[in-house]
Structure formats: C-alpha cells, structure tokens
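Scroll down for the structure; my scribbles are underneath it.
Note that ligands are numbered from 1 as they come in the structure, with each ligand's atoms numbered from 1 the same way.
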Amino acid sequence: MVRLFLNLTLVGFQLQFMQFQYLTLVGVAMLVRLQKLIQLLNDGDFHTCKSLGKKLDRSYSQVLRMINDVIKMGIEIESVRSKGYRFVRKLYLLKKKKIEKYISRRFLKEIVHIDILDEVDSTNDYLMRLANAENKKIRLCFAEYQTHGKGRRGRIWCSPYGTNIYLSILFPFNKDLMSLSGLSLSMAVTIANFLKEIGVKDNIGVKWPNDIVWKDKKISGVLVEVLSEAFNENQVIVGVGLNLHIPKKAAEIIDSKWIDLESIIGEEYKRNKIAGVLANRIMENFYVFEEKGLAAFMKDWKLFDVLQGNTVTLKTGVEKIKGTACGIDKQGHFILERKDGNRQSFSAGEVTICK
Ligand code: BTN
C-alpha cells in the first residue's frame, strides 16, 4: 500500500495507474474476505457477528456491512437474534476439477484455460477482454456471480451468487460472419436437448430467436457475440445463462416469466455436473454447427418450436405486426404469415403469443 503511494511527483497517468492498482488491491482483498465469509456461513450453522469478526479479523460493524454485501449478491440469509446468521440453503460452489470430469478429452486438449471466477461483471465481457487475434484455442469462463450479467437487447441477466450457471465460451471461428447466422438458434436447441438429457422430460421448448422455455417460462438464454473479423478469423463468444435456483429476492428484477430447474425436477441435480456436461454439449454442437450450419439443427428446432402455428405479435424496432408463426427459414429468420397470406422473414424482433 505504502509503496504504491511513494512518489507523488509522478506524471498523471502513472499516478492514475498506481491508484488503479491500489484500488484493485483493496478490491481483491475485500473479495477474498467476502469469499471467506461465504465459506464460513456455508456450513449451515448460525454464526454471530462477533465470532465471524474474530475469524475474519474485522470489527462488528465491518462484518455487518459484509453480511449486507452478501445479501446484495443474492444469497439468502436467515438471522435469529440470539444465534446470529446462517445461509438459508447450502451453496454448491463451482470446482474446476469436478467440472473437468465431464468434459471430454478431445476438448480438454483444445481448451487453453477454464476460468472459474467468484465475481465478474459479465462472463461474456471477461472473455471479450481476453480475446486476441492469435488465439486459436477455446477458453471457458464460469462465474459464481455477475455484477452486470447481460441479456439480449440490452437487458439485465439476473445473476445471484452461487446458484445458477453463467457460462461463456470463446471459440475461434474460421468462417465468414454470414455463416454465423443461426448459431444462437443451434445453441438454444443444444440447451433444450441438454435439459431433456438431465431429466426435464416434458414441456421444454425454444422460442425464437434463442429463449429456452419450460411451458411458457424462460429457464435459459443464449447471448452470442462476435469479436473480430480479420482474414476470416472471427472469434465468437457463446454466453449461456441457466436458472437452477433463483432466490425470491433476486427474482424481483426479472421482468418476464421465468422458471428454474429446481422447481421442475426438485433439488436432485449436481451443479458442477450440470456445468461440465452443458459446456461439453455446447462445444460438441458448436463444431457440428461450424461444419453443417443450422441445417443440422432444423429437425430439432421444429420439435421444440413453441411459436409454430400460433397467432403472434412481432415487435420490431419500428412496428408491431400480428400474424401466424410459421417457423424459421434456412438463415434462422422468423417467418410470419400476415392475415392476407403473405409471408415475410424477420432477422430480429420480439415475439409474443396472442392469448
Ligand atoms: C438472453 O436470453 O437474453 C441471453 C442471456 C444470456 C446470459 C448469459 S449468462 C453468461 C453470459 N454472460 C452474460 O453477461 N450473459 C451471458
């Protein structure tokens, strides 16, 4: 700390850099302490502020502030006057070793790194910052908590601590941008099939363009971002959010109908297994897509499509059109049939079923 503030005659940007470093150090120290607090509370027992303070070398009020921070991260905490604080439910935190067990050898060779982050703004943004043109390998990033989880169309992706899956995968992609059209739809089909594989027997569907729903409630979403376009060497980030358990308080910010896996199949799932198998399926199907395009997923899309045949409203940036949903075309564009029988394809928009 002292060393960082020694020479105040430094030129502006150096000073700013040092202050940044200092703040980063403070931030890291705080995060480490929060992590330790989470570990302590995750044993299921009650802890008083005094006992936590002793273990963390913090004062009573500092511990109280930390507990508030933990609550803000979406963790459910119970407090009882004479006993102290405890987690309402145990968190099964992500462990790299456990996740790797479910990733096939073929991919482990292709992967340059698997990041398991405690906290990050967005796993997509994290990989975007790390991407570079020379990277010819896959990189995975899981996080326990996202402070700025991103959904499609500038929406927030609700990302409470330690309960769901927030996963991004960075792929080198050696084809032109046009051939990427349909990737997010293929990934939605991949996740729908994955949910069937892990025990969601019925009612799983996809809603154009890439929502994965159970009945009409969203359980998962995909955000595909493309990074560079030089000499046909694009890099693609596939970001997946999958709801396993959404605490009530955290759900207050979600403005659409949602569901989590626990409400469908109960608590008998293993979070690390889900993380590993899901990543594996996404990597497998990314290569299927790279080779065969959306055509390889068309049959399954039709099976999962919850809009097909329904009267819907499509909201584009400028208009609201009513019509019948008629599936997707080869590019993955949404086909809408108007009242007069005319059909039109749309590459973007928001579709709702008319009740
Ligand atoms: C959507 O349906 O709107 C897309 C949601 C995508 C959310 C995931 S969570 C992991 C990755 N990081 C983000 O910030 N977003 C994606």
> Which protein heavy atom lies closest to atom 2 (O) of ligand 1, and at what distance to 0.1 Å?
Replying inline: Lys218 NZ, 2.6 Å
> Do the ring centers of Phe334 and Phe346 come within less than 6.0 Å of each other?
Replying inline: no
> For Asn124 and Tyr126, does a side-chain donor sit closer than 3.5 Å to a side-chain acceptor?
Replying inline: no
> Taking N or O atoms only and a 3.5 Å limit, does Tyr166 qualify as a polar contact for ligand 1?
Replying inline: no
> Could Lys302 and Phe304 be counted as a cation-pi pair, given that NZ or CZ must be under 6.0 Å from the ring centre and within 45° of the axis?
Replying inline: no
> Which protein non-hydrogen atom lies closest to atom 3 (O) of ligand 1, naming both residue and atom, and how far is it?
Replying inline: Arg152 N, 2.6 Å
>> Please list, in number order, the atoms of ligand 1 under 4.0 Å from a heavy atom of Gly149.
In response: 14 (O)
> At a 4.0 Å threshold, what atoms of ligand 1 neighbour a non-hydrogen atom of Gly151?
Replying inline: 1 (C), 3 (O), 4 (C), 5 (C)
>> Less than 4.0 angstrom from a charged side-chain N to a carboxylate O is my criterion; do Lys273 and Glu100 meet it?
In response: no
>> Lys150 versus ligand 1: do any nitrogen or oxygen atoms come within less than 3.5 Å of each other?
In response: yes
> Looking only at heavy atoms, what is the nearest atom pair of Val63 and Gly53, with distance?
Replying inline: CG2-CA, 3.5 Å
>> With rounding to the nearest 0.5 angstrom, report the CG to CD1 distance, Leu108 to Ile114.
In response: 6.0 Å
>> Just to check, does Arg155 reach to within less than 4.0 Å of ligand 1 when the distance is taken from its heavy atoms?
In response: no
>> Just by distance, no angles: are the side chains of Gln146 and Thr123 close enough, under 3.5 Å, to form a donor-acceptor pair?
In response: yes
> Tell me, which protein residue and heavy-atom name are nearest atom 10 (C) of ligand 1, and how many Å apart are they?
Replying inline: Thr123 OG1, 3.2 Å
> Would one find an N or O of His148, backbone or side chain, under 3.5 Å from an N or O of ligand 1?
Replying inline: no
>> Among all the protein's non-hydrogen atoms, which is closest to atom 5 (C) of ligand 1, and how far away is it?
In response: Trp157 CE3, 3.4 Å
>> Under 4.0 Å, heavy-atom basis, I'd like to know which part of Asn210 is in contact with ligand 1: side chain, backbone, both or neither.
In response: neither
> Any sub-3.5 Å donor-acceptor pair from Asn310's side-chain atoms to Leu307's backbone N or O?
Replying inline: yes
> Which bit of Gln146 gets closer than 4.0 Å to ligand 1, counting heavy atoms only: side chain, backbone, both or neither?
Replying inline: side chain
> Of all the atoms in ligand 1, which lie at a distance below 4.0 Å from a heavy atom belonging to Leu167?
Replying inline: 10 (C)
> Quick check: does any side chain N or O of Asp329 sit under 3.5 Å from a backbone N or O of Gly332, one acting as donor and the other as acceptor?
Replying inline: yes
> Quick one: does ligand 1 sit under 4.0 Å from the side chain of Val222, the backbone, both or neither, non-hydrogen atoms only?
Replying inline: backbone
